[in-house]
Q: 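Would you mind keeping the following structure in view while I ask a few things?
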Amino acid sequence: KQEVTQIPAALSVPEGENLVLNCSFTDSAIYNLQWFRQDPGKGLTSLLLIQSSQREQTSGRLNASLDKSSGRSTLYIAASQPGDSATYLCAVRGDAGNMLTFGGGTRLMVKP
Amino acid sequence: NAGVTQTPKFQVLKTGQSMTLQCAQDMNHNSMYWYRQDPGMGLRLIYYSASEGTTDKGEVPNGYNVSRLNKREFSLRLESAAPSQTSVYFCASKGAATNEKLFFGSGTQLSVL
């Protein structure tokens with residue numbers, strides 16, 4: 001059974017800092033990995049999707065990398081802003097059916 | 001663009017009551033999902049529908065039933081609510097291609113007393 005872990009569970013940084021969020025998964029047989037953002041009381045918004053054949057994806061100040069062999073992904077946020085404060089979740093899609101397995105998330109706070 | 005719409009946003013039930021959570025998407029997506037989110041447990045898949053007319057169990061299906069009414073709508077029913085079903089419920093949808101992103105509704109906060 002696929003297990004997805006995100007460390008740290010919570011992170012507080014000053015505005016302007018570059019930061020890295022980590023995601024690890026136990027089964028490397030994945031189709032893709034997605035990073036989501038969740039604001040309090042809201043649904044999830046997909047930020048980046050990395051296909052299993054890709055090493056990274058970029059969108060604005062966000063860069064996500066994937067190392068399938070080691071079962072790891074990172075989300076890099078450059079020049080963090082208070083508006084980046086949210087919970088970030090990663091999810092992997094395996095080759096069994098149509099299911100995503102989610103990590104527990106990292107709650108990020110960017111202080112002005 | 002409405003995207004994925006869930007109703008209701010909030011609901012309080014007494015143990016044993018029944019209710020249906022509604023979900024509709026306007027993106028012509030084939031696949032639809034119901035998740036629950038609990039503190040310390042993350043998001044867990046309850047049921048999904050890969051296409052109109054099909055439904056499959058996810059990780060935590062007990063106590064729930066689903067109906068894929070048409071391509072747009074996917075409802076989740078609690079026949080006899082239990083306090084353990086207190087949670088935030090999210091509906092999501094995805095297009096046909098393997099590597100398409102998942103789109104989520106804004107959630108339903110359900111309390112069972």
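In this text, all values refer to a predicted model and were calculated from it rather than measured experimentally. Protein chains get the first letters and strands the later ones, always in sequence-line order, with residue 1 at the start of each.
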Q: With a cut-off of 6.0 Å (strictly less than), are more than 12 heavy atoms of other residues, nucleotides or ligands near CE of B:Met27?
A: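 It does: B:Met27 CE has more than 12 such atoms within range.
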Q: When clusters are formed by joining ILVMFWY residues with side-chain heavy atoms under 4.5 Å apart, either directly or through shared neighbours, do B:Val88 and B:Tyr35 land in the same one?
A: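 In one cluster with B:Val88: B:Tyr35, yes.
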Q: How long is the straight-line distance from CD of A:Gln38 back to CZ of B:Phe90, given to the nearest 0.5 Å?
A: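 Separation between the atoms: 4.5 Å.
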Q: Begin with the C-alpha distance, continue with both residues' side-chain angles, and end with the deciding distance and a verdict on salt bridge (charged side-chain N to carboxylate O under 4.0 Å, His left out) for B:Glu100 and A:Arg93.
A: CA-CA 11 Å; B:Glu100 290 197 45; A:Arg93 179 175 185 271; over 6 Å; no
Q: Any chain of hydrophobic side-chain contacts (each under 4.5 Å) joining A:Phe102 to B:Tyr33?
A: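 They do share one cluster, since a chain of ILVMFWY contacts under 4.5 Å joins A:Phe102 to B:Tyr33.
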Q: Starting from the C-alpha separation in whole Å, work towards a yes-or-no answer on side-chain contact (heavy atoms from CB on, under 4.5 Å) for B:Leu102 and A:Leu100.
A: CA-CA 9 Å; B:Leu102 201 60; A:Leu100 289 184; 3.3 Å; yes
Q: Same cluster or not: are A:Leu62 and A:Leu66 linked, directly or through other Ile, Leu, Val, Met, Phe, Trp or Tyr residues, by side-chain heavy atoms under 4.5 angstrom apart?
A: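 Same hydrophobic cluster.
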Q: Around atom CZ of B:Arg44, are there more than 12 heavy atoms of other residues, nucleotides or ligands at under 6.0 Å?
A: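 More than 12 within 6.0 Å, yes.
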Q: Is atom CZ of A:Arg55 surrounded by more than 12 heavy atoms (other residues, nucleotides or ligands) closer than 6.0 Å?
A: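 No, CZ of A:Arg55 has 12 or fewer neighbouring heavy atoms, counting only those of other groups under 6.0 Å.
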Q: Hey, could you give me the CZ/CZ distance between A:Phe36 and B:Phe104, rounded to the nearest 0.5 Å?
A: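 So the CZ of A:Phe36 and the CZ of B:Phe104 are separated by 5.0 Å.
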Q: Check B:Lys101 against A:Leu47 and note the closest heavy-atom contact, atom names and distance.
A: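 So the minimum-distance heavy-atom pair works out to NZ-O, 3.6 Å.
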Q: In terms of heavy-atom proximity below 4.5 Å to chain B, should A:Leu33 be classed as side chain, backbone, both, or neither?
A: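 It is neither, since no heavy atom gets under 4.5 Å.
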Q: Side chain, backbone, both or neither: which part of A:Gln6 has a heavy atom under 4.5 Å from chain B?
A: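 Contact with chain B: none, neither part.
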Q: Do you know the tightest heavy-atom contact between A:Lys1 and B:Glu59?
A: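 Minimum heavy-atom separation between A:Lys1 and B:Glu59: NZ-OE2, 3.5 Å.
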